[in-house]
Asker: 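Below is the structure I would like to discuss, written out as structure tokens.
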Amino acid sequence: MVYRSAAVCAAILASATPAAAETPILGPDAAHCAPGGGPAILVDITGLKNRLGTVRVRTFGGATSTWFDKTKWQTKVEIPTPRVEPIRVCMPVAAPGNYAIDVRHDANANNQTDRADGGGASGNPRVTIWDFIFGRKPSPKQTVVRVGQGVTEISVTMMYLSGTSLKPLSETGRERLSPRQIASSAR
């Protein structure tokens with residue numbers, strides 16, 4: 001397992017020089033997602049409700065029965081939440097094959113998983129609070145990312161708790177916080 005700290009990622013983020021028309025690729029292994037790189041998964045993350053806290057991305061491989069197990073991830077990257085979307089994070093993989101991705105947004109910056117946080121996974125599966133309570137995981141058929149020799153790009157839309165379901169903000173009736181709201185909530 002490889003863990004990349006927020007400090008390392010922040011240093012890389014600070015030194016990144018994005019092309020004018022493109023959002024930078026983040027993560028300590030961003031070079032793996034450059035043209036000609038790979039094998040890697042480039043994760044485009046959208047739908048965050050604010051710009052607080054951190055975003056964590058994990059890669060799972062091997063037996064599908066271990067996907068989304070808290071202790072079975074292969075690569076983990078945690079970065080301070082960037083101010084622009086999409087957030088693009090490069091997740092290198094050891095070899096071509098089948099993988100899954102999960103994403104967590106610590107939306108209230110308290111370093112704990114709680115009701116304010118958002119989540120998402122490759123394939124954007126629909127999940128409910130009952131899935132978490134009963135330990136049900138999303139179907140590998142829906143969450144599989146097939147990676148070849150190059151870079152495989154996927155999109156993950158963040159979901160937040162609304163009633164007993166996790167939904168994208170666009171379906172909850174709640175909107176993202178404006179920069180002014182974020183600044184005032186941080187005081």
Asker: Sequence neighbours left out, what passes side-chain contact (heavy atoms from CB on, under 4.5 Å) with Ala107? Give chain and number order.
Answerer: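 Ala107 satisfies side-chain contact (heavy atoms from CB on, under 4.5 Å) with Lys49, Asn50, His105, Asp117, Tyr160 only.
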Asker: How about Lys167 and Met159: do any of their side-chain heavy atoms sit closer than 4.5 Å?
Answerer: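 Heavy-atom side-chain distance check fails, nothing below 4.5 Å.
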Asker: Identify, with sequence neighbours excluded, every residue that meets side-chain hydrogen bond (donor to acceptor under 3.5 Å, both in side chains) alongside Asp114.
Answerer: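 Asn108, Asn110.
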Asker: Applying side-chain hydrogen bond (donor to acceptor under 3.5 Å, both in side chains), name anything that partners Glu153, two or more places apart in sequence or on another chain.
Answerer: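 Glu153 satisfies side-chain hydrogen bond (donor to acceptor under 3.5 Å, both in side chains) with Arg88 once adjacent residues are dropped.
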Asker: May I have all residue pairs that pass salt bridge (charged side-chain N to carboxylate O under 4.0 Å, His left out) and include part of residues 52-69, sequence neighbours excluded?
Answerer: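 For residues 52-69: Arg58-Asp102.
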Asker: Which distance, rounded to the nearest 0.5 Å, do you find between the OG1 of Thr46 and the CG of Asn124?
Answerer: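 Rounded to the nearest 0.5 Å, the OG1-CG separation comes out at 7.5 Å.
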Asker: When you compare the side chain of Val145 with that of Thr152, does any pair of heavy atoms fall below 4.5 Å?
Answerer: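 Answer yes - side chains close enough.
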Asker: Considering only distance and modelled atom types, tabulate donor-acceptor pairs under 3.5 Å from the side chains of residues 34-43, sequence neighbours left out.
Answerer:
none

Asker: Residues in side-chain contact (heavy atoms from CB on, under 4.5 Å) with Asn98, at least two apart?
Answerer: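 Residues passing side-chain contact (heavy atoms from CB on, under 4.5 Å) with Asn98: Trp67, Val144, Arg146.
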Asker: To the nearest 0.5 Å, what is the distance between CG on Asp106 and OG1 on Thr81?
Answerer: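 Interatomic distance, Asp106 CG to Thr81 OG1, rounded to 0.5 Å: 7.5 Å.
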Asker: What are the two closest heavy atoms between Pro168 and Arg126, and how far apart are they?
Answerer: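 Pro168 and Arg126 have their closest heavy atoms at CD-NH1, 3.4 Å.
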Asker: Is Asp44 close to Ile154 at the side-chain level, that is, under 4.5 Å between some pair of heavy atoms?
Answerer: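 No, too far: nothing below the 4.5 Å cut-off.
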Asker: Give every residue pair that meets the salt bridge (charged side-chain N to carboxylate O under 4.0 Å, His left out) criterion with at least one member in residues 31-43, sequence neighbours excluded.
Answerer: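 Pairs touching residues 31-43 that pass the test: none.
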Asker: Would you mind listing every disulfide bond (SG atoms under 2.5 Å apart) that reaches into residues 37-83, with sequence neighbours excluded?
Answerer: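 Applying disulfide bond (SG atoms under 2.5 Å apart) to every pair that reaches into residues 37-83, excluding sequence neighbours, yields nothing.
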Asker: Which residue pairs pass the disulfide bond (SG atoms under 2.5 Å apart) test with at least one member in residues 27-132, sequence neighbours excluded?
Answerer: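 Only Cys33-Cys90 qualify under disulfide bond (SG atoms under 2.5 Å apart).
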Asker: Got a sec, which residues hit side-chain contact (heavy atoms from CB on, under 4.5 Å) with Pro125, two or more places apart in sequence or on another chain?
Answerer: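 Per chain and number, Pro125 pairs via side-chain contact (heavy atoms from CB on, under 4.5 Å) with Ala121, Pro138, Gln142, Thr143.
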Asker: If a pair satisfies ring-ring contact (aromatic ring centres under 6.0 Å, His included) and one of its residues is in residues 32-62, list it, with sequence neighbours excluded.
Answerer: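 Those involving residues 32-62 are Phe60-Phe68.
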Asker: Thr113: which residues meet the side-chain hydrogen bond (donor to acceptor under 3.5 Å, both in side chains) condition with it, sequence neighbours left out?
Answerer: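 Testing Thr113 for side-chain hydrogen bond (donor to acceptor under 3.5 Å, both in side chains), a comparison that skips the adjacent residues, returns Arg104.
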Asker: Does any part of the side chain of Pro86, heavy atoms only, come nearer than 4.5 Å to the side chain of Thr23, both counted from C-beta?
Answerer: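 They are in contact (side-chain heavy atoms under 4.5 Å apart), so the answer is yes.
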